[in-house]
Amino acid sequence: MKGGTAHRVYSVVVFVILASLDNVAIGLVPPLYGSIGDTFGVGEGHIALATTIMFLISAVAAIGFAYAGDRTDRKPVLILGTAIWVAGTAWSGLSQGYGSFLLAQVVAAFGLGAVASVSFAVVSDLISPKRRGLVMSFWGLSQGVGTLAGTLLGGLLGHSDWREPFLVAASAGVIATVAYLFTYNVPRGDSQPELAGVEYDERIHAGDLPVILGRRTNIWLIFQGFTAQIALGSLVWLPILFRSRAEDQGYSASTAVLVGSVFATLFQLGGALSILGGLVGDRLQRRTPRGRALVAAVGVLAAVPFYLVLFFVPMTIDVPDGAGAGTVIRAVLADVFTEPTVGFCLATAVFALMLTSANSPNWFALIADVNPPEHRGTVYSLGNLVNGFGRAGGNAMVAVAFRGLAGAFPPPLNYALGLAGFQLFWVPTGVMFWLASRTVAKDMADTHSALLVAASESEHRPDGDVGGDAAVGVEGLARE
């Protein structure tokens, strides 16, 4: 079964789970800012600093891990990275002081840098170009689900003991690592039509960076993440907004933490509709090489008005104060149907997140479309580095904005105003995707030609219409 259909499906599933678990580790902390801070005798801002540092270190470490993966065997690199973040996450849950907790988060972040960047390159080699948007939507969805799961896990298990979620996440990481040992060791370029029947063993070299940046589409794909992630980074404060709303309505701190986590999880369910963005991107891509980039551009721009509405609709929360987690969750779910303001907020959030989620699968697919297999992990990591700075910046700046607004607008209004303002960063993101749509055809054609040259120089000639016909244009390649 090695390399067969079942083995490939199993491998994709394991990679998707790994991608989700690293986001679980990141999503654990925000719902627990207050609880962790109380334990260590520091303010919420000190714990938020751990999240900011985590974003940055993970993004920087990803470049080194991605380069190593593009240069060497990717399997050992992934195992090493996973082992490091599991150790750091477990250490976080066992820390007895703020310094120890911060250092543990640094260790976890370093290991997390390996997971997304290296496994992205592997998954891109498992997927044929015509299905990239769809499968990458599951890839992107897994990361969103991981963040949601982390938020929910932090709220449900951590509302009484904040340490427990970290230990549970670390245990899940150990299980996933064992499952990864049995995945298919995917050859580079395995699903690329130009390389069918070819033993392709090109590796990245230190001098390839100018070549990577010479593809104009890469520039827009890398830098759009800065503004996108400022907007997304601010959304890690959603549990705090809903917790503040619950406290403003008179609920106790413990119940408010639980309510905030459940509401934040519900309101981000629209991310699950990234599958639609991937499907639409695949379909439009068969008509024009600009397809994926245009879908992403339209999606993020159209979402902005819905975000601006979302944070200002009043919500009437009706849950039993001091009740157990199960009772509170059932009450929150009932509110969706019995409290019109909650139902309207949920519908608005789902639609807004559905539109912005078109970004993720098409971004992943575009990186694979315009880059050869040996460059994909590194390009992804460069994008992830910019994403990390944007997300960390959004997380840090919105905290400053909340404090600045609190003087004139008491909670929860200061949180609503801050979050709404930061969603305007989606506008330059949409513009950069539109600019990418203008250069993608040329970059796809150049990559296509380079792969055909590599195939022609191989001992085994490629099979298949695209691989065997150097005259196939970029329109035909897009349809493949």
Q | Check: Thr177 side chain, Gly173 main-chain N or O, donor-acceptor pair, under 3.5 Å | A | yes
(Q) Within the structure provided, determine whether Arg292 and Asp282 are in side-chain contact (heavy-atom separation under 4.5 Å). (A) yes
(Q) Determine whether a donor-acceptor pair (N or O, by modelled atom type, separation under 3.5 Å) exists between the side chain of Asp321 and the backbone of Ser252. (A) yes
(Q) Given Gln105, which partner from the list Ser92, Ser100, Ser95 fulfils the side-chain hydrogen bond (donor to acceptor under 3.5 Å, both in side chains) test? (A) Ser92
**Q.** Any side-chain donor near an acceptor of the partner, Tyr380 and Ser124, under 3.5 Å
**A.** no
**Q.** N/O donor-acceptor pair under 3.5 Å between Gln423 side chain and Ala420 backbone
**A.** no
Q | CG-OG1 distance between Leu32 and Thr39, expressed to the nearest 0.5 angstrom | A | 9.5 Å
Q. Sub-3.5 Å donor-acceptor pair from the side chain of Thr183 to the main-chain atoms of Tyr180, do we have one?
A. yes
Q. Would you find a donor on one side and an acceptor on the other, under 3.5 Å apart, between the side chain of Asp335 and the backbone of Asp318?
A. yes
Q. So do Val370 and Val440 actually touch side chain to side chain, heavy atoms under 4.5 Å?
A. yes
Q: Assess whether atom CZ of Phe110 is packed by more than 12 heavy atoms of other residues, nucleotides or ligands within 6.0 Å.
A: no
Q: Quick one: sort the Phe166 and Trp162 rings into parallel, tilted or perpendicular, breaks at 30° and 60°.
A: perpendicular
Q: Without swapping roles, check the side chain of Asn362 against the backbone of Gly277 for a donor-acceptor pair under 3.5 Å.
A: yes
Q) Side chain of Gln229, backbone of Thr227: donor and acceptor closer than 3.5 Å? A) no
(Q) Would you say the rings of Trp426 and Phe306 are close, in the sense that their centroids are separated by under 6.0 Å? (A) no
Q) How long is the span from the CG atom in Leu353 to the OG1 atom in Thr348, to the nearest 0.5 Å? A) 11.0 Å
(Q) Between Arg376 (side chain only) and Ala368 (backbone N and O only), is there a donor and an acceptor less than 3.5 Å apart? (A) yes
Q.
Just by distance, no angles: are the side chains of Ser437 and Trp220 close enough, under 3.5 Å, to form a donor-acceptor pair?
A. no
Q. Phe402 and Gly418: which non-hydrogen atoms are nearest, and at how many Å?
A. CE2-CA, 3.8 Å
Q. So His46 and Tyr98, would you call those rings parallel, tilted or perpendicular, with 30° and 60° as cut-offs?
A. perpendicular
Q. Just by modelled atom types, is the Gly322 backbone N or O under 3.5 Å from a matching donor or acceptor in the Thr255 side chain?
A. yes
